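Worth saying up front: this structure is predicted, and the values here are computed from it rather than measured. Lettering of chains follows the sequences in order, A, B, ..., and the numbering in each one begins at 1.
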Protein chains: 2
Amino acid sequence: MVNERGAGRRRDTTQTVCAAIREDVVSRVFAPGERLTEESLATRYRVSRVPVREALRTLEAEGFVHSRPYAGTFVAEISETEAEDLLGLRALIEPFGAERAAARRSQLHLARLELVLAEAGELLRDGRHAGLARLNTSFHQLLAEASGSPDTAALVAQLGNKIAWVYSVELPRRANDSWREHAEILQALRDQDPERARELVADHIRRAQQAYRLRGSKGVRTPQHG
Amino acid sequence: MVNERGAGRRRDTTQTVCAAIREDVVSRVFAPGERLTEESLATRYRVSRVPVREALRTLEAEGFVHSRPYAGTFVAEISETEAEDLLGLRALIEPFGAERAAARRSQLHLARLELVLAEAGELLRDGRHAGLARLNTSFHQLLAEASGSPDTAALVAQLGNKIAWVYSVELPRRANDSWREHAEILQALRDQDPERARELVADHIRRAQQAYRLRGSKGVRTPQHG
DNA sequence: GCCGTAACGGTTGTATGCAATCTTGCTGCC
DNA sequence: GGCAGCAAGATTGCATACAACCGTTACGGC
């Protein structure tokens with residue numbers, strides 16, 4: 001998964017390991033509350049403890065793990081109320097970003113968003129819902145980046161990862177509506193209409209929240225497929 | 001090794017270094033855009049490069065520095081619009097936290113907040129405005145923690161640090177009004193009135209924003225690139 | 001004189017080793 | 001039987017050492 005030293009890529013070990021651990025936390029390979037020993041992680045990803053430790057410091061700042069000196073690093077545990085609050089925070093921040101994105105978006109941003117929208121359209125037509133989750137993440141991330149606020153984009157990314165972790169479930173039911181809403185949002189960006197963009201995103205997030213809540217509780221992995 | 005930190009504290013080197021670097025960035029000992037070499041930091045804080053590197057990973061996740069592999073670590077540069085957006089984000093998140101704090105606050109939270117309020121009252125009576133900045137930060141941080149949402153508290157802490165960095169300027173003028181507003185907020189928490197708490201904090205932040213803006217972007221160092 | 005190129009110094013990235021500390025399981029006592 | 005205290009093992013924290021890489025500069029060809 002990591003480690004392609006033979007192929008010559010010897011750089012970026014720390015970042016690669018960080019992404020790998022985050023992935024394994026989000027996908028629940030490591031259970032919440034589980035202790036992560038540096039040595040076992042180092043063995044798992046075929047690196048030494050140093051990049052593992054650095055990756056853990058990043059993940060700790062992001063809230064995926066927490067560590068006590070000399071005691072070790074543990075996968076974070078998220079309560080139900082905390083999970084709810086994550087959705088609440090996203091419901092605040094994404095509309096904020098969308099409002100600014102409508103005012104500041106560049107042609108490049110628009111083009112990227114349209115590309116994602118087009119790809120999603122194809123997947124929808126073909127009934128292949130598998131790749132939609134990734135495109136959905138991309139759309140929201142690009143939207144946040146179009147805001148021109150690096151902090152907003154960073155927050156959206158972090159919250160998105162955490163939400164994907166807690167609510168490890170996709171909502172294929174809503175896919176058609178969801179992407180129709182995405183299209184409207186993009187149109188508001190084209191029109192440079194900040195207020196409409198903000199409200200559309202606010203509604204969009206609100207509906208997604210309701211879907212999440214209906215679909216099931218946090219932590220429990222609902223067996224499903226897209 | 002010459003670990004002469006404090007009175008023989010041999011643990012927590014990384015966290016100590018992290019806080020020290022953050023402090024030096026916020027207080028502009030290190031200028032925005034400046035390159036930070038690990039060796040010089042290690043020398044400055046009398047540690048080896050390892051804890052320095054780990055501290056830098058944390059600070060990178062927090063957005064105070066950014067680094068490229070093999071190229072080095074640089075103090076971040078914040079544009080004026082980004083600074084504005086920081087205030088906007090705080091204006092979203094703190095009321096959100098206050099609303100929940102009013103519903104979830106414990107007696108311990110109330111007691112801590114009252115303590116801070118009392119201390120500030122004394123300083124105000126004595127005309128000693130020096131320590132107020134710290135108490136102000138404490139009040140807002142405690143308020144965020146009272147929300148019972150770790151993510152909210154973490155965001156408030158991060159945003160607060162960054163705002164203190166960008167707008168490195170205090171506003172003694174507003175001190176009396178500000179603390180009167182703090183007292184009202186605390187009362188709303190006692191009354192367990194979420195809506196009132198949210199609105200009071202929203203107004204409070206809004207007034208602080210105006211004060212910042214009037215004061216000018218004196219603290220904002222326009223990035224000079226080459 | 002200009003540009004491509006190769007070597008050098010400086011810096012970052014990773015691995016290893018050892019001391020300090022925590023956790024775990026056991027012992028002995030109540 | 002349960003719990004405090006302790007020893008052994010396991011794990012973390014930090015320092016040192018070495019390898020990989022980047023930017024710069026001196027050099028030579030054109």
Cation-pi check for F96(B) against R100(B): NZ or CZ below 6.0 Å from the six-membered ring centre and within 45 degrees of the axis, yes or no? yes

Hey, are R53(B) and E60(B) close enough for a salt bridge, meaning a charged N less than 4.0 Å from a carboxylate O? no

Taking only the side-chain heavy atoms of E38(B) (C-beta and beyond), determine which of dC14(D), dG13(C), dT12(D) contains the nearest atom. dG13(C)

Integer-rounded Å distance: dT11(C) P and E34(B) CD: 14 Å

In whole angstrom, what separates R46(B)'s CZ from dG13(D)'s C1'? 20 Å

Interatomic distance where CG belongs to L56(B) and C1' belongs to dT14(C) [whole Å]: 16 Å

Would you say T73(B) reaches dT12(C)'s phosphate, i.e. side-chain N/O to OP1/OP2 under 4.0 Å? no

How long is the line joining CD of E39(B) and P of dT11(C), in whole Å? 8 Å

Separation of dG23(D) P from R35(B) CZ (nearest whole Å): 9 Å

Output yes when E62(A) and K162(A) qualify as a salt bridge under the 4.0 Å nitrogen-oxygen rule, no when they do not. no

Roughly how many Å is it from CG in D12(B) to C1' in dA20(C), rounded to a whole number? 13 Å

Need one value for L36(A): base, sugar-phosphate or nothing, where a base atom within 4.0 Å counts as base even if backbone is also close, heavy atoms only. sugar-phosphate

OP1 or OP2 of dG13(C) sitting under 4.0 Å from any side-chain N/O of R53(B)? yes

Could you please name the option among dT23(C), dT21(C), dT11(C) that lies closest to any side-chain atom of Y70(A)? dT21(C)

R68(A) atom CZ is separated from dT11(D) atom P, nearest whole Å, by 15 Å

Between E34(B) and R28(B), does any side-chain N to carboxylate O distance fall below 4.0 Å? no

E54(A) CD to dG13(D) P: how many Å, rounded? 13 Å

Drop me the distance from I78(B)'s CD1 to D151(A)'s CG, to the nearest 0.5 angstrom. 6.0 Å

Compare side-chain N and O positions of T14(A) against OP1 and OP2 of dT14(C) and report whether any pair is under 4.0 Å apart. yes

Specify the residue among R49(B) and A71(A) whose closest nucleotide of DNA chain C lies further upstream toward the 5′ end. R49(B)

Between F74(A) and V50(A), the residue closer to the 5' end of DNA chain C by nearest nucleotide is V50(A)

Out of dT11(D), dG13(D), dT14(C), whichever nucleotide has its closest atom nearest the side chain of T13(A): dT14(C)

Looking only at side-chain N and O atoms, does S48(A) come under 4.0 Å of OP1 or OP2 in dT16(C)? no

